[in-house]
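Report on the structure given below.
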Amino acid sequence: MAHEVETRKKTQAEFEYAKRKREEEMRGQVATFALMIFLTLVAFTAVAADFSAYYVVPTILLLAAVQVGLQLYYFMHAKEKGHGTPIFFFYGGLLIAFTILITFVTIIWI
Amino acid sequence: MSSTAQAQKKGFGATLWDYLTTVDHKKIAILYLVSGGFFFVVGGIEAMLIRIQLAVPANDFVSAGVYNQIMTMHGTTMIFLAAMPLLFAFMNAVVPLQIGARDVAFPFLNSLGFWLFFFGGVFLNLSWFLGGAPDAGWTSYASLAIASGGHGVDFYALGLQISGAGTLIAGINFLVTIINMRAPGMTYMRMPMFTWTTFIASALILFAFPPLTVGLFFLILDRMFFANFFAVEMGGNTIIWEHLFWIFGHPEVYILVLPAFGIFSEIFAIFSRKRLFGYSALVFATILIGFYGFMVWAHHMFTTGLGATANAIFAVATMAIAVPTGVKIFNWLLTIWGGNISFSTPMLYALGFIPSFVAGGVTGVMQAVAPLDYQLHDSYFIVAHFHYVIVGGVVLALLGGLHLYWPKMFGTMLSEKLGKITFALFFFGFHATFFIQHFLGLLGMPRRVYTFVGDQGWDLYNLISSVGAAFMALGVITLVINIIMTSVKNERVGNDPWEDGRTLEWAIPSPPPFYNFKQTPLVRGLDTYWIEKMEGNPEGMTYAEPIGDIHMPNNSIIPFIMSAGLFVAAFGALYFIDGDKAWPLPVLALGLLITLGSMAARSLKDDLGYHIHKEDLLKEGGQPGGH
Amino acid sequence: MMRGLKKWRLFGLAAALMAFLAACGEEQISTLQPAGQVAEDQFDLLLLSTGVMVFVIIVVSIIYVLAIIKFRRKKVGEDVIPEQVEGSKRLEFIWTAIPIAIVLFLAVPTVAVTYQLADVDDMGVVDAEGTPASVTVDVTAKLYWWEFAYPDLGIVTAQELVVPTDEPVYFNLTAADVKHSFWVPSIGGKTDANTDGVNTFYLTFDEESADLEDGVFYGKCAELCGPSHALMDFKVKALDEAEFQAWVAAMQESTGEAEGELAQEGQELFEQSCIACHATSGAGTTGGIAPNLATFGDRNRIAGYLPHSEENLKKWISEPQEYKPGNLMPDPGSLPGREGEAFSEEELDALAAYLFGLTVEDDM
Amino acid sequence: MDINKQYSAQTWPDHPETATLEGKNKFVGFWLFLGGETVLFATLFATYLALKDKGPSGMEITASQLFELPLVFIMTMLLLTSSLTSVYAMFHMRSYNFRAMQAWMAVTVLLGAAFLGFEIYEFNHYVHEFGFTYGHSAFSSAFYTLVGTHGLHVAIGLGWFILLMIRNAKRGLNLYNASKFYTISLYWHFIDVVWVFIFTVVYLMGVVG
């Protein structure tokens, strides 16, 4: 177990670059947040507006899926490097979760 | 420190404290082995009581109620408290060594996982002394589990909840260990087969235990806290339990059998002196089996009435599992084909495994034929089938693995002679007990019956089955004698006692020093140690780093206290529903407080571990036996 | 010498035959001696899958035995290091493709029969005059006994199912308390009796049960349901169409009235103590908390599993918990009007006489 | 690793949370744990869907009568915003700005606590206005268990945040605690993910009917 961590002083240019990258990313995060709020508003409005359930239910489920994608890839940094294995397992969990949900709305009966 | 000889020199108190606080994966392996072995014997005694009761028709050796408790506890104990912990023992003992790691990813959690399992198991078994054990079968189907009187089922739900949390922690720990802690050069496709199967089994644990957790919570909430998940008159639905249980329960079979496959893969390679045939096919077959394991659970529910479409889908999906399993069997056959087979004890178990498991596998396919399963389900045929899989697969692997890894874990060999006698008794007894049960099922005998009326064509077969069980018991007794005798003799062995070891664990002393590898090895291919040996490297390893300080984690008593807290809390929860006592709620609160408090203590106190200095490592030289 | 050998051969053949016959079990309960279309379909699947699987086992065994014999260390040599073969794409392909073919081969009949056995479209179909074309039985599994109601015929019986032969009989299956499972091995596979919801299925009875050892097929509960799960047996009488119609008519007319002095005494006692739970007329309604006793005298077993004798009946009435632990039948002492007093020997005689007189088969 | 080692913004690594082996392990382990949690919540959701509006015969309470959207909307906004504030906290963690990180975390905790307060109010309201107790029906058991498990996660998250903030108040950022801050923020986002499905599947679909 190599427990010593190599730390290195960044050059000013490197530091500035990293900082700029982080700040850019943060602006992206805020934009993501705005999008999430917007999606939520759409979902609530669609329900409050009393459209037919046949349209509303798939729509709001889709909106939820998009929001979760945003959370995962932006807020939880899943788009960054080194997330391959964790995301693979997370999707494994989602696949099984999906199977369970399908089962419970189809063959629980009555 | 890690040698038993040295441990004996220490006082008993010091040794006990050492084991209560240890975070060393090798010692935790021994803890798993000892407690798993204990529960295996308990479950075995329960099995013997079952076979005594059923030896003759209309027997009154035990009463109906007691029989149901024994039968339930036999299944629950063997699956949760014997088979899994014993596999964890080998995983802990071997996997970090096989991947060239100094420890698991989370040593503290490793200890916590063990103590949770241990306290859960003890809690479950205390039911015998506190008003009766659970009696609704190990599957604990909801309507009966809700109707069952007394506290038996409460013990089941709470006990499994605690030990299940331990299992989940252990699963995550192995996953991270294998993902992050592999030595340089140890790519995924160079990992030994046992590591691979541990990896997949751990992934199954990660996804299969949450449904069980939820199901058990529902059961706890329904029985103890006024919920209505399974109360049909309140709108509940008992099929939910069946689904949740089998969404967990089917992968559980693979959680058990995949590591068993791993152990056999190691044995076949070592004792045929040949690399695994079709290694990559074996890996993909393992992954595929793991995946399918999640898609077939409803084949346990063909008779529930899910409808023809669901039954047909799950029938075909289940049959599909036979394909990767078949691939594995043929690859093992081709591994020994062209090899140089030594019939040592571990190899006998591996060779005994093939016909046994094939028999269990083909009856599995027969039961995948849904309409045929209507006849076989819940009869003695299914009892025969899953014992062929679990005993013929998992228990043979555990016994074979025990003989294989005993020298690595304890530094001394088990007697080959007694080992072969054990094998002969156990193997004969196993087939005598269970082969005949296929026919009992076909002749109409339902499972889980505490007695049967004579002259239905079952009397002789049941007697044969009971006699067979006695042989299995004799086999286990021989094993215990073997362990005691060889431990007393305690003849020390070197790094590679089987002489044909292929993977990294055989390149270091038996037992390994507490830091495992003085220098992290560089892995240059599949079967690293074999490669080095064949190239005449006397060290058995190429090193990836110079000798340097080694960082080690500190021992801690906190996992023990944390688990004990839940154990205390469980008593509070259990008696809460009675409503006639004042103490349950305070006890529940106290227990949770102990657990939360020790979690906070853990998080507030920095635990940075310590270093073994380079000079001390150099002083030790290459002496086997470690510290 | 030769003659000796021949004798041994004959003996061996006879022994094998005996073993084979014994291996098929008792015809009233064995899945290996199917007596109905459903069980026959399942038996055919059993033969088919066993055949395929035996083929697999033989292939594996041959490779296995050859490998062990050819490559044992004694033969190969102590110090020989075999060639480290990596694998073979061709072999991998073969042993992936062949199992897939085998699985597909099994999957086709599996799916077909699964749908076939689930086909209950004809259930409750009525002809032009409104009479049902087939018999439907509502089965309710209760703690350790079975209730069989024939809603279209207006009759209820318990513990012994009576059905016509050579036509599909339809079942509605449910459980009153905890899960049970309905299984008549020689007629067809099991179906769970759930507490939530009704399972429907059909069975065909191709043989009259009168030819069997006890005159009945054996039925079992196949889902753990409590202490007396093992004792939750029932029996099936399969009658030809005419006899079945006669039985139905007799059931519809059964009154539960006693004949003879002793039996009448028994009836009086019964009406004091037992009638609250047990009905004695076949034309009853469902939902009784205890079995309908209209056919008690015709039954094959006491309490589902004890031999059908007066002695056993008396034991059973006196100590129900002793013979079927966990069942709901009260001790005599706790019955209405008993005030803690058990039945005397005379009272038991009277009850036995009454109950054994409850029969519809005599009136057929 | 030396816990007392001091860093500056320029020596601080770009990804401090995974700079050490312990950090890497924690990071991967926690993601795996979240994978398991996904399955756990899926079973709760599935059970809820199976038992929605189910109760003793004659039960009159249904999801569409029970739920009120304005309250749920407020709770959603609170939790979504707290997700953003914890992103800010991580932004400052990676920028080696300890004070700003602590401040954003404090905001997160306040938002989370407000959310929890509303949830307690909501449950209380159902029990007292509708008699919709935990043991009322299968529907009530499934509803309270699903939403309550989420609430419990929120409460655990709050406790975890607070413990970390107090513990590290004096000593600032180092590579030993960076991964701890990172995992709690992952956890917090996951709680938000679950809530997105709760407001969609339970509340919105409940009102739709």
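So that the names make sense, note that chain A is the first sequence line, chain B the second, and so on, each numbered from 1. Atoms considered below: every heavy atom in the structure, side chains included; atoms not considered: hydrogens, waters and symmetry mates.
Here CH2 of C:W95 is found 3.5 Å from CG of B:L334. Values are rounded to the nearest 0.5 Å. Taken to the nearest 0.5 Å, the CD1 atom of C:I81 stands 13.5 Å off from the NZ atom of B:K274. Interatomic distance, C:T110 OG1 to B:M366 CE, rounded to the nearest 0.5 Å: 11.5 Å. For the atom pair C:N194 CG and B:E242 CD, the distance stands at 6.0 Å (nearest 0.5 Å). Atom-to-atom distance recorded for C:L231:CG and B:T451:OG1 is 7.5 Å, nearest 0.5 angstrom. Rounded to the nearest 0.5 Å, atoms CG (B:L526) and CD (C:Q84) are 10.0 Å apart.
Listed by chain and number, the residues in a side chain to side chain donor-acceptor pair (under 3.5 Å) with B:Y141 are B:W246 (sequence neighbours excluded).
Between chain C and the options B:A145, B:G441, B:S342, the largest number of non-hydrogen pairs under 4.5 Å is found for B:S342. The candidate with the highest count of non-hydrogen atom pairs below 4.5 Å against chain B, out of C:L48, C:D44, C:I68, is C:I68. Contact tally against chain C (heavy-atom pairs below 4.5 Å) for B:G339, B:G65, B:A370, B:A64: the top residue is B:G339. By number of non-hydrogen pairs under 4.5 angstrom with chain B, the leading residue of C:T195, C:T191, C:V111 is C:T195. Interface remark: of the candidates C:G326, C:G189, C:S88, C:G189 forms the most heavy-atom pairs closer than 4.5 Å to chain B. Counting heavy-atom pairs under 4.5 Å between each of B:S272, B:A142, B:P355, B:G149 and chain C puts B:P355 at the top. Chain C forms the most heavy-atom pairs under 4.5 Å with one residue out of B:Y279, B:Y450, B:F343, B:Y374, and that residue is B:Y374. Among the candidates C:L45, C:I29, C:V76, the residue making the largest number of heavy-atom pairs closer than 4.5 Å to chain B is C:I29. Ranking C:S61, C:C225, C:S228 against chain B, the residue ahead of the rest is C:C225, based on heavy-atom pairs under 4.5 Å. Looking only at heavy-atom pairs under 4.5 Å with chain B, the residue among C:T96, C:L117, C:V80 that has the most is C:V80. Of the residues considered (B:F452, B:Y67, B:F271, B:W458), B:W458 shows the highest number of contacts with chain C, using heavy-atom pairs under 4.5 Å. The candidate with the highest count of non-hydrogen atom pairs below 4.5 Å against chain C, out of B:D373, B:I354, B:N68, B:L440, is B:N68.
Only the backbone of B:A136 comes within less than 4.5 Å of a heavy atom in chain C; its side chain stays farther off. For chain C, the nearby part of B:W530 is the side chain; its heavy atoms alone come within less than 4.5 Å. Contacts of B:L460 with chain C are absent, with no heavy-atom separation under 4.5 Å from either backbone or side chain. Heavy atoms closer than 4.5 Å to chain C are found nowhere in B:A269, neither backbone nor side chain. With a 4.5 angstrom heavy-atom cutoff, C:E92 touches chain B only via side-chain atoms. Both the backbone and the side chain of C:K190 come within contact range of chain B, judged by heavy atoms closer than 4.5 Å. For C:D79, the part lying under 4.5 angstrom from a heavy atom of chain B is the backbone only. If you measure heavy-atom distances from C:L106 to chain B, the contacts under 4.5 Å come from both the backbone and the side chain. Of the two parts of C:A193, neither the backbone nor the side chain holds a non-hydrogen atom closer than 4.5 Å to a non-hydrogen atom of chain B. Residue B:V369 touches chain C through both its backbone and its side chain, counting heavy-atom pairs closer than 4.5 Å. Contacts of C:T200 with chain B are absent, with no heavy-atom separation under 4.5 Å from either backbone or side chain. With a threshold of 4.5 angstrom between heavy atoms, C:Q116 does not approach chain B through any atom at all. If you measure heavy-atom distances from C:L91 to chain B, the contacts under 4.5 Å come from the side chain alone. B:V453 touches chain C through its side chain: at least one heavy atom from C-beta onward sits under 4.5 Å away, while N, CA, C and O do not. For C:Y218, the part sitting under 4.5 Å from any heavy atom of chain B is the side chain, from C-beta outward, and nothing else. Only the side chain of B:A315 comes within less than 4.5 Å of a heavy atom in chain C; its backbone stays farther off.
Among all heavy-atom pairs drawn from B:S379 and C:W183, the shortest one is CB-CH2, 3.7 Å. Scanning all heavy atoms of the two residues, the minimum distance from B:M71 to C:L224 falls at CE-CD2, 3.8 Å. Between C:A67 and B:I341, the shortest heavy-atom distance links the atoms O-CD1, 3.6 Å. Heavy-atom minimum distance, B:V316 versus C:A107: CG2-CB, 4.1 Å. Closest heavy-atom contact between B:P446 and C:A222: CB-CA, 4.3 Å. For the residue pair C:D196 and B:G236, the shortest heavy atom distance occurs at OD2-O, 4.3 Å.
Within the structure, salt bridge (Lys or Arg N to Asp or Glu O under 4.0 Å) pairs that include any residue of residues 65-76 of chain C comprise B:D500-C:R73 (at least two apart or interchain).
Using a distance-only test at 3.5 Å, with no hydrogens or angles considered, a donor-acceptor pair links the side chain of B:S143 to the main chain of C:K179. Between the side chain of C:H229 and the backbone N or O of B:R447 there is at least one donor-acceptor pair closer than 3.5 Å.
Checking B:N311 against C:T114 by side-chain atom types alone, no donor-acceptor pair falls below 3.5 Å. Of the N and O atoms on the side chains of B:T309 and C:Y115, at least one donor lies less than 3.5 Å from an acceptor on the other residue.
For the pair B:F330/C:V60, a side-chain contact is recorded, criterion being any heavy-atom separation below 4.5 Å from C-beta on. By the 4.5 Å heavy-atom criterion applied to side chains, B:Q456 and C:Q28 are not counted as neighbours.
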Quiz item: Step by step, would you call B:N340 with C:E78 a side chain to side chain contact (heavy atoms under 4.5 Å, CB included)?
Solution: CA-CA 8 Å; B:N340 186 351; C:E78 200 59 44; over 6 Å; no
Exercise. Start with the C-alpha distance between C:Q42 and B:Q375, add both sets of side-chain angles, then the distance that settles side chain to side chain donor-acceptor pair (under 3.5 Å), and finish with yes or no.
Key: CA-CA 7 Å; C:Q42 290 163 338; B:Q375 284 285 22; 3.3 Å; yes
Quiz item: B:V358 and C:I57: side chain to side chain contact (heavy atoms under 4.5 Å, CB included), yes or no, with the steps?
Solution: CA-CA 7 Å; B:V358 168; C:I57 288 175; 4.0 Å; yes
Quiz item: side chain to side chain contact (heavy atoms under 4.5 Å, CB included) between B:L442 and C:L46: does it pass, once the steps are laid out?
Solution: CA-CA 10 Å; B:L442 292 173; C:L46 177 72; 4.0 Å; yes
Practice problem: Would you sort out whether B:I336 and C:F71 count as a side chain to side chain contact (heavy atoms under 4.5 Å, CB included), showing the intermediate values? | Solution: CA-CA 7 Å; B:I336 59 175; C:F71 301 103; over 6 Å; no
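Atom CD of C:Q321 has more than 12 heavy atoms from other residues, nucleotides or ligands within 6.0 Å. Within 6.0 Å of CZ in B:F435 there are 12 or fewer heavy atoms belonging to other residues, nucleotides or ligands.
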